[in-house]
Amino acid sequence: LHNPFIGSKSNLIMIQKYAQATNQACLAVCLLQLTKTKITKKKEWDALEYAFNFSKDDFAIGHFDYIAKKYDIKLDDYWDNKNYCDYLRKMKISKKINILHKKIDLNIVNKLIKKSPIILQIDSYAFWKITHCSHFVIILEKNKNGYKIYDPWFGKTFQKSTKEVSKGIISLRNLLKFYPQIIQRV
């Protein structure tokens with residue numbers, strides 16, 4: 001029997017079959033998956049609007065601030081760049097967001113998903129071979145074939161190989177020049 005709940009007993013989430021409504025909403029939808037609330041287009045748009053208005057310096061941090069405050073959840077936000085972590089820590093954000101510096105690679109992915117699912121920023125080309133762009137997915141679990149992921153673009157779960165996930169992280173960092181990040185509900 002398939003268990004729709006993913007994560008440790010203290011941090012279960014149920015992945016909803018919900019596809020993002022706009023091309024900018026992957027992070028909003030991934031974060032809403034962590035809230036245990038029914039995802040709607042209005043909730044997606046509310047998160048996006050808040051993020052757009054929060055700060056011109058970092059689009060993602062506005063998402064975290066909104067979700068932490070609106071849904072009263074704590075988030076660990078791991079970044080691959082220490083200087084950027086220091087910069088974000090100076091921003092006026094919710095105390096429920098913990099900015100952490102860690103090298104983002106499969107080692108940290110494997111360590112963190114033992115506790116609960118993680119939101120991972122990748123280059124989507126590694127998964128879909130269509131275009132290179134920053135994209136957020138949820139890594140639900142590690143298994144013998146790689147990883148079970150939820151992709152908000154499609155609103156579905158997929159199996160992706162260890163190689164594909166690794167390439168998504170490396171390409172984001174080296175080709176697109178983004179600092180990879182991981183978000184986890186705590």
Side-chain angles (χ1 to χ4, degrees), residues 4-8 10-80 84-85 87-100 104 112-113 115-124 127-128 130-131 133-140 148-158 168 172 176 178-186:
F5 293 95
I6 306 291
S8 65
S10 64
N11 205 3
L12 290 175
I13 66 170
M14 186 169 89
I15 296 298
Q16 300 172 51
K17 291 183 179 181
Y18 181 87
Q20 65 191 73
T22 74
N23 69 347
Q24 295 295 316
C26 57
L27 179 56
V29 172
C30 284
L31 286 164
L32 285 166
Q33 289 282 10
L34 303 182
T35 67
K36 300 179 184 177
T37 187
K38 181 171 173 38
I39 302 172
T40 65
K41 187 174 181 179
K42 176 161 180 10
K43 289 176 184 176
E44 176 186 333
W45 279 95
D46 288 347
L48 280 171
E49 181 179 16
Y50 185 94
F52 279 126
N53 290 312
F54 183 78
S55 171
K56 69 178 184 177
D57 295 325
D58 188 89
F59 179 60
I61 206 74
H63 286 76
F64 308 147
D65 193 71
Y66 177 78
I67 295 294
K69 289 177 180 174
K70 174 80 176 171
Y71 297 98
D72 193 31
I73 64 172
K74 293 180 181 177
L75 300 168
D76 281 345
D77 182 22
Y78 297 87
W79 285 85
D80 199 284
Y84 200 65
C85 283
Y87 173 76
L88 290 173
R89 287 182 186 120
K90 293 176 186 172
M91 295 179 79
K92 291 183 180 184
I93 59 173
S94 170
K95 300 283 187 221
K96 297 174 185 176
I97 302 165
N98 188 23
I99 306 291
L100 302 158
I104 306 299
L112 292 174
I113 61 171
K115 219 170 41 170
S116 66
I118 61 169
I119 298 172
L120 176 66
Q121 185 181 23
I122 58 155
D123 175 355
S124 66
F127 287 7
W128 310 116
I130 298 170
T131 186
C133 66
S134 172
H135 185 54
F136 289 90
V137 298
I138 300 178
I139 304 290
L140 299 168
K148 181 178 177 183
I149 66 142
Y150 162 78
D151 190 324
W153 184 265
F154 303 99
K156 297 178 182 177
T157 59
F158 298 92
L172 183 78
L176 297 180
F178 277 78
Y179 306 123
Q181 66 177 307
I182 291 175
I183 304 95
Q184 186 171 45
R185 183 176 178 171
V186 292

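Position 1 is the first residue of the sequence; numbering continues from there.
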S.K.: Does any part of the side chain of Lys69, heavy atoms only, come nearer than 4.5 Å to the side chain of Lys96, both counted from C-beta?
M.R.: no
S.K.: Under a 4.0 Å threshold between the charged nitrogen and the carboxylate oxygen, would Asp65 count as salt-bridged to Lys92?
M.R.: no
S.K.: Which heavy atom of Tyr50 sits nearest to which heavy atom of Gly62, and what is that distance?
M.R.: CD2-O, 3.3 Å
S.K.: Report the C-alpha distance between Tyr71 and Leu32 in whole Å, list the side-chain angles of each, state the deciding distance to 0.1 Å, and finish with yes or no for side-chain contact (heavy atoms from CB on, under 4.5 Å).
M.R.: CA-CA 9 Å; Tyr71 297 98; Leu32 285 166; 3.8 Å; yes
S.K.: For a quick test of reading the model, state the closest non-hydrogen atom pair linking Leu176 to Ser134 and the distance between them.
M.R.: CD1-N, 3.8 Å
S.K.: Does the side chain of Leu112 reach to within under 4.5 Å of the side chain of Ile139, using non-hydrogen atoms?
M.R.: no
S.K.: Counting only heavy atoms not in Lys43, do more than 12 fall under 6.0 Å of its NZ?
M.R.: yes
S.K.: Rounded to the nearest 0.5 Å, what's the gap from CG on Asp77 to CD1 on Ile97? Could you check?
M.R.: 7.5 Å
S.K.: Could you measure the distance from the CD1 atom of Ile183 to the CZ atom of Phe64? Nearest 0.5 Å is fine.
M.R.: 4.0 Å
S.K.: Is any side-chain heavy atom of Ile67 closer than 4.5 Å to a side-chain heavy atom of Thr35?
M.R.: yes
S.K.: Could you walk me through whether Leu140 and Ile15 pass the side-chain contact (heavy atoms from CB on, under 4.5 Å) check?
M.R.: CA-CA 9 Å; Leu140 299 168; Ile15 296 298; 3.5 Å; yes
S.K.: Say whether, by atom type as modelled, one donor and one acceptor occur between the side chain of Glu44 and the main chain of Gln20 under 3.5 angstrom.
M.R.: no
S.K.: May I ask you to decide if Cys133's main-chain N or O and Asp123's side chain share a donor-acceptor pair within less than 3.5 Å?
M.R.: yes
S.K.: Find the distance between CH2 (Trp153) and CG (Asn23) and round it off to the nearest 0.5 Å.
M.R.: 5.5 Å
S.K.: Could you walk me through whether Ile99 and Ile61 satisfy the side-chain contact (heavy atoms from CB on, under 4.5 Å) test, starting with their C-alpha distance in whole Å, then the side-chain angles of each, then the deciding distance to 0.1 Å, before giving a yes or no?
M.R.: CA-CA 10 Å; Ile99 306 291; Ile61 206 74; 3.8 Å; yes
S.K.: My understanding is that only one of Ile119, Ile118, Thr157, Asp151 makes a side chain to side chain contact (heavy atoms under 4.5 Å, CB included) with Ile138; could you say which?
M.R.: Ile119
S.K.: What is the minimum heavy-atom distance between Tyr179 and Asp80, and which atoms define it?
M.R.: C-CB, 4.5 Å
S.K.: Rounded to the nearest 0.5 Å, how far apart are CZ of Phe54 and CE of Met91?
M.R.: 5.0 Å
S.K.: Dump the intermediate steps for side-chain contact (heavy atoms from CB on, under 4.5 Å) on Leu27 and Phe59, then the final yes or no.
M.R.: CA-CA 10 Å; Leu27 179 56; Phe59 179 60; 5.9 Å; no
S.K.: Taking all non-hydrogen atoms of both residues into account, name the closest pair between His63 and Leu31 and its distance.
M.R.: CB-CD1, 3.6 Å
S.K.: May I ask you to test the Tyr87-Asp58 pair for a side-chain heavy-atom distance under 4.5 Å?
M.R.: no
S.K.: Closer than 3.5 angstrom, by distance alone: can the side chain of Tyr150 be matched with the main-chain N or O of Lys17 as a donor-acceptor pair?
M.R.: no
S.K.: Within a radius of less than 6.0 Å around OH of Tyr84, do more than 12 heavy atoms belonging to other residues, nucleotides or ligands occur?
M.R.: yes
S.K.: So, does Gln16 use its side chain to make a donor-acceptor pair with the main chain of Thr37 at under 3.5 Å?
M.R.: yes
S.K.: With a 6.0 Å cut-off (strictly less than), is the heavy-atom count around CH2 of Trp128, excluding the residue itself, greater than 12?
M.R.: yes
S.K.: Can you tell me how far CD of Gln121 sits from SG of Cys26, rounded to the nearest 0.5 angstrom?
M.R.: 8.0 Å
S.K.: Counting N and O atoms only, with roles assigned by atom type, does the side chain of Gln24 sit under 3.5 Å from a partner on the main chain of Leu48, one being a donor and the other an acceptor?
M.R.: no
S.K.: Kindly say whether Val186 contributes a backbone atom to a donor-acceptor pair with the side chain of Ser116 at under 3.5 angstrom?
M.R.: no
S.K.: Measure the shortest side-chain to side-chain distance between Gln33 and Ile39 over non-hydrogen atoms and say whether it is less than 4.5 angstrom.
M.R.: yes
S.K.: For residues Ile149 and Leu120, determine if any side-chain heavy atom of one lies less than 4.5 Å from a side-chain heavy atom of the other.
M.R.: no
S.K.: How many angstroms lie between atom CZ of Arg89 and atom CG of Asn98, to the nearest 0.5 angstrom?
M.R.: 7.5 Å
